[in-house]
Amino acid sequence: MSLAVLYSRALSGIQAPLVTVETHIANGLPSFTIVGLPDTEVKESKDRVRAALQNAQFKIPAQRITINLAPADLPKESGRFDLPIALGILAATGQIPKDKLDQYEWAGELALTGELRPIHGALAMTYHASQSGRSFVLPQQNAAEAALVKNATIYAARSLLQICAHLSGREPLQIYKNQIENNIETGDSAYPDFDEIKGQTHAKRALEIAASGGHSLLMIGPPGTGKSMLAARFPSILPPMTEAEALESAAIQSLSYGSFNTNNWKRRPFRSPHHTASGVALVGGGSHPRPGEISLAMHGVLFLDELAEFDRKVLEVLREPLESGKITISRAARQAEFPAQFQLIAAINPCPCGYLGHPSGKCHCTPDQVARYRGRISGPLLDRIDMQIEVPAVPQEELMRQRITGEKSSVIRARVTESHQRQLDRQGKTNSRLSVKEIDQYCALDTASENLLKQAISRLDLSARAYHRILKVARTIADLSGAKKINNQHIAEAIQYRRLDRQ
């Protein structure tokens, strides 16, 4: 009778709880049993492991083999447990030494030849392995993404034989070094530049404010006015990602795609799902919950074009994450929580045909048609969008002008970054994340500003949520101008960005 113990990781949302892989070899009829709430992929690992060991010329004991994945109440999925299961059998039968196994955590899917195949969620598992003080051994294809975790000790291997040679001391594996240059500027240089947009000075100003304070924004205008162009260039003016933000964003993307593309390191994500997307596609879900578009836009931008064309029930799922910054997915067997700190940028036409208020006079929509069209977006959702602006048609002379007159993204980004830093120094978060108590503390008004806001509340019949959002936007406008206190000019401009409240 022999026993071997190794360590691996499961995935539960963005967390990677520790899994102890216990291998027990006992006398009895030959059998191979895996216990500990394994799903189908894990149960099938016994066939992959058996073939991989045979093809690598190892001996499989004709005894009773029991694999326990502890804790027993934690669901286990995917083929990442193939490697620790195979090593547990080899260690329990004395074919590799046991003495160093507890220094590592293991994850990798085995091919029938004994080669290692990549896994998903490597970044999240590596982060938690580094917190435990153990080294992490994983497939070569996942090494670059795992090495993004600072202070993590990574060993990359191509096959089971290579790992066995390392444990026996014949050919030690080298610690994998991160070869990615953490150059922040290169991360966002792939996005198109703001100076390509002609006109739309008001919209550019609104986007600068939104980028500075982390505010959500809705653009209303006819087709062809540049709403999509403005949204596509919005990431180029966002402040640089911190190490923690980049790591959290990359970890979520690794859960979805199988591996994180290291070329996107420190590049803010830009997600633009089609209007036919379902609620599950936005929120995430599945029997083993995976992140949706909202979470994949973590610390980046979620752009919803043609907002009124989305199903109303789909749009309602945005309400909770816009307020709380997280999403909880509950299923009968398990629950998972994903962070959802993103910036919502949305675009909508003013009417079904799109040309309401256009100088051409093309629109023939009736007031009832316009009301039904805009009614597809609920009042509570609109109330949660900080800024609502109109993007009118660009004048012909401005459109045909050859010389570029707009500011480059780098110039706007410098102002945004300075304002963003002021917010962090003052309150440790962006203005859009201020609580009600913090609004009272950091958004105090003088008499003139207070009177102006009172008039706006009375005339526009603003809700308490709209009132708080005006204060937060005004605080951001003040930060952009370098003012320590909010004045009536800041309040007046913030009110102008509640376009739908003014109708």
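It should be emphasised that the depicted structure is a prediction, and the values quoted were computed from it without experimental measurement. No hydrogens, no waters, no symmetry mates; every other heavy atom, side chains included, goes into these values.
Side chain of Lys76 to backbone of Gly36: a donor-acceptor contact under 3.5 angstrom is found. At least one donor-acceptor pair closer than 3.5 Å links the side chain of Asp39 to the backbone N or O of Val42. With Ser432 contributing its side chain and Gly214 its backbone, the two residues share a donor-acceptor pair below 3.5 Å. Checking side-chain atoms of Lys177 against main-chain N and O of Ile175 turns up no donor-acceptor pair under 3.5 Å. Remark: side-chain polar atoms of Ser130 are paired, donor with acceptor, to backbone N or O of Tyr127 under 3.5 angstrom. Of the possible donor and acceptor atoms, none in the side chain of Ser45 sits under 3.5 Å from a partner among the backbone N and O of Gly79. Although no hydrogens or angles enter the test, the distance criterion places a donor-acceptor pair under 3.5 Å between the side chain of Ser2 and the main chain of Ala92. A donor-acceptor pair is defined here as one N or O able to donate and one able to accept, closer than 3.5 Å; no such pair exists between the side chain of Glu337 and the backbone of Lys326.
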Assess whether salt bridge (charged side-chain N to carboxylate O under 4.0 Å, His left out) is satisfied between Glu418 and Arg422, documenting all intermediate values.
CA-CA 6 Å; Glu418 185 179 355; Arg422 286 195 187 102; 2.9 Å; yes
Under the criterion side-chain contact (heavy atoms from CB on, under 4.5 Å), I'd like the reasoning laid out for Asn27 against Gln63: C-alpha separation, chi angles, the key distance, then a yes or no.
CA-CA 5 Å; Asn27 293 328; Gln63 295 174 286; 2.8 Å; yes
Could you go through Ser8 and Glu105, starting from their C-alpha distance and side-chain angles, then the distance that decides it, and tell me whether this counts as side-chain contact (heavy atoms from CB on, under 4.5 Å)?
CA-CA 5 Å; Ser8 187; Glu105 293 186 12; over 6 Å; no
Evaluation steps, side chain to side chain donor-acceptor pair (under 3.5 Å), between Gln95 and Thr93:
CA-CA 6 Å; Gln95 298 180 70; Thr93 55; 2.9 Å; yes
Verify side chain to side chain donor-acceptor pair (under 3.5 Å) between Ser249 and Gln253, making sure each step is shown before the conclusion.
CA-CA 6 Å; Ser249 176; Gln253 292 180 54; 3.2 Å; yes
Ser78/His120 under side chain to side chain donor-acceptor pair (under 3.5 Å): CA gap, chis, key distance, verdict:
CA-CA 9 Å; Ser78 95; His120 73 271; 5.1 Å; no
Apply side-chain contact (heavy atoms from CB on, under 4.5 Å) to the pair Leu69 and Leu37, showing each step before the final yes or no.
CA-CA 8 Å; Leu69 306 177; Leu37 209 57; over 6 Å; no
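In this structure, Arg134 forms a cation-pi arrangement with Tyr7, its terminal cationic atom sitting closer than 6.0 Å to the ring centre and no more than 45° off the ring axis.
Contact of the Gln140 side chain with the Gln162 side chain is not registered, since no non-hydrogen atoms from C-beta on lie closer than 4.5 Å. Using a 4.5 Å heavy-atom cutoff, the side chains of Leu238 and Val416 are not in contact. Side-chain atoms of Ser409 and Arg413, non-hydrogen and from C-beta on, never get closer than 4.5 Å to each other. In this structure, the side chains of Leu116 and Ile163 come closer than 4.5 Å at one or more pairs of heavy atoms. Looking at heavy atoms from C-beta onward, Leu138 lies out of side-chain contact with Tyr176 at the 4.5 angstrom threshold. Here the side chains of Arg80 and Leu11 are in contact, with some heavy-atom distance below 4.5 Å. Looking only at side-chain heavy atoms (C-beta outward), Ile119 and Met125 come within less than 4.5 Å of each other. Counting heavy atoms from C-beta outward, Arg312 and Ser378 have side chains that approach closer than 4.5 Å.
From Arg469, atom CZ reaches atom CD1 of Ile439 across 8.5 Å, with rounding to the nearest 0.5 Å. Here OG of Ser212 is found 12.0 Å from CD1 of Ile412. Values are rounded to the nearest 0.5 Å. In this structure, CZ in Arg48 is found 11.5 Å from CZ in Phe81, a value given to the nearest 0.5 Å. Note that CZ of Arg290 and CG of Leu296 are 11.0 Å apart. Values are rounded to the nearest 0.5 Å. Taken from NE2 in His215 to CD1 in Ile385, the straight-line distance is 14.0 Å, to the nearest 0.5 Å. Between atom OG1 of residue Thr23 and atom CG of residue Leu101 there is a gap of 9.5 Å, rounded to the nearest 0.5 Å.
Within 6.0 Å of atom CD in Gln54, more than 12 heavy atoms from other residues, nucleotides or ligands are found, so the atom counts as buried in its surroundings. Within 6.0 Å of the CZ atom in Phe310, the count of heavy atoms belonging to other residues, nucleotides or ligands exceeds 12. Other residues, nucleotides and ligands place no more than 12 heavy atoms under 6.0 Å from the CG atom of Asn151. Atom CZ of Arg50 has 12 or fewer heavy atoms from other residues, nucleotides or ligands within 6.0 Å. Atom NZ of Lys100 has 12 or fewer heavy atoms from other residues, nucleotides or ligands within 6.0 Å. Within 6.0 Å of atom CZ in Arg205, more than 12 heavy atoms from other residues, nucleotides or ligands are found, so the atom counts as buried in its surroundings.
For the residue pair Ile348 and Lys227, the shortest heavy atom distance occurs at O-CE, 3.9 Å. Pairing each heavy atom of Leu90 with each of Cys164, the nearest pair is CD1-SG, 3.6 Å. Of all heavy-atom pairs spanning Pro273 and Leu282, the tightest one is CG-CD2, 3.9 Å. For the pair Arg433 and Ala340, the tightest heavy-atom approach, listed with the atom from each and the gap, is NH2-O, 4.3 Å. The two atoms that bring Tyr191 and Ala232 nearest to each other are CD2-O, 4.1 Å, heavy atoms only. Of all non-hydrogen atoms in Gln423 and Asn431, the two that sit nearest each other are OE1-N, 2.9 Å.
Residues Glu245 and Arg268 are paired through a salt bridge, judged by an N-O separation under 4.0 Å between the basic side chain and the carboxylate. Salt bridge annotation for Asp479-Arg426: present, with a cationic side-chain nitrogen under 4.0 angstrom from a carboxylate oxygen. Look at Lys266 and Glu243 and you find a salt bridge, because one of the NZ, NE, NH1 or NH2 atoms lies within 4.0 Å of a carboxylate O, short of that distance. A salt bridge links Arg465 to Asp383: at least one charged side-chain nitrogen sits closer than 4.0 Å to a carboxylate oxygen. A salt bridge does not link Arg475 to Glu438: none of the charged side-chain nitrogens sits closer than 4.0 Å to a carboxylate oxygen. Checked for salt-bridge contact, Glu323 and Arg319 miss the test: no charged N lies under 4.0 Å from a carboxylate O.
Under the side chain to side chain contact (heavy atoms under 4.5 Å, CB included) test applied with Val49, the options Leu83, Leu112, Ile89 reduce to a single match, Ile89.
Taking the six-membered ring for Trp and thresholds of 30 and 60 degrees, His166 and Tyr155 have ring planes inclined between 30 and 60 degrees apart.
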